[in-house]
Amino acid sequence: MRWYYFEIKADGVSLVSDDYFGARPADANDAQGNPHTPWYQLEDHWDEEHIHIRAASDQQAISKAVAIFESC
């Protein structure tokens, strides 16, 4: 399982690139090489601007993010 960070746009969701993220705070969760790892939360979460989820594959992440987007 790995973390994925999607931006919410008017017409759907978009996976951000690895260089989207700024400097990681020193007290943040260990990213273990994945910049999409949340800084402080350890569970899937989302709001009106983003969807932050764990998935086993890119395809599973996209399906999960789209389902969340469509349910909101």
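Below, each value reflects all heavy atoms present in this structure, side chains not excepted, and no hydrogens, waters or symmetry copies.
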- Message: Going by the rule side chain to side chain contact (heavy atoms under 4.5 Å, CB included), which residues pair with A56 if we only count those two or more places apart in sequence or in a different chain?
- Response: M1, Q60
- Query: Using a side-chain heavy atom cutoff under 4.5 Å and only I, L, V, M, F, W and Y, what cluster partners does I53 have?
  - Reply: Y4, F6, I8, V13, L15, W46, I51, I62, V66, I68, F69
- Using a 4.5 Å side-chain heavy-atom cut-off and chaining through intermediate ILVMFWY residues, the residues clustered with Y40 come out as W39
- Can you name the residues that form a ring pair (Phe, Tyr, Trp, His ring centres under 6.0 Å) with H36, not counting sequence neighbours? F21
- Hey, could you give me each pair passing salt bridge (Lys or Arg N to Asp or Glu O under 4.0 Å) that has a residue in residues 37-50? Not counting sequence neighbours. D44-K64
- Note on the structure: Across all chains, not counting sequence neighbours, the side chain to side chain contact (heavy atoms under 4.5 Å, CB included) partners of S17 are D19, Y20
- Item | Sequence neighbours excluded - salt bridge (Lys or Arg N to Asp or Glu O under 4.0 Å) pairs with any residue from residues 24-37 | none
- Query: Would you call the rings of H52 and H45 parallel, tilted or perpendicular if under 30° counts as parallel and over 60° as perpendicular?
  - Reply: tilted
- Message: Any side-chain to backbone donor/acceptor pair from D18 onto N34? Under 3.5 Å, distance only.
- Response: no
- Minimum-distance pair of heavy atoms, taken over all atoms of N29 and Q41: ND2-O, 3.1 Å
- Enter the distance from K9:NZ to S14:OG here, rounded to the nearest 0.5 Å. 4.5 Å
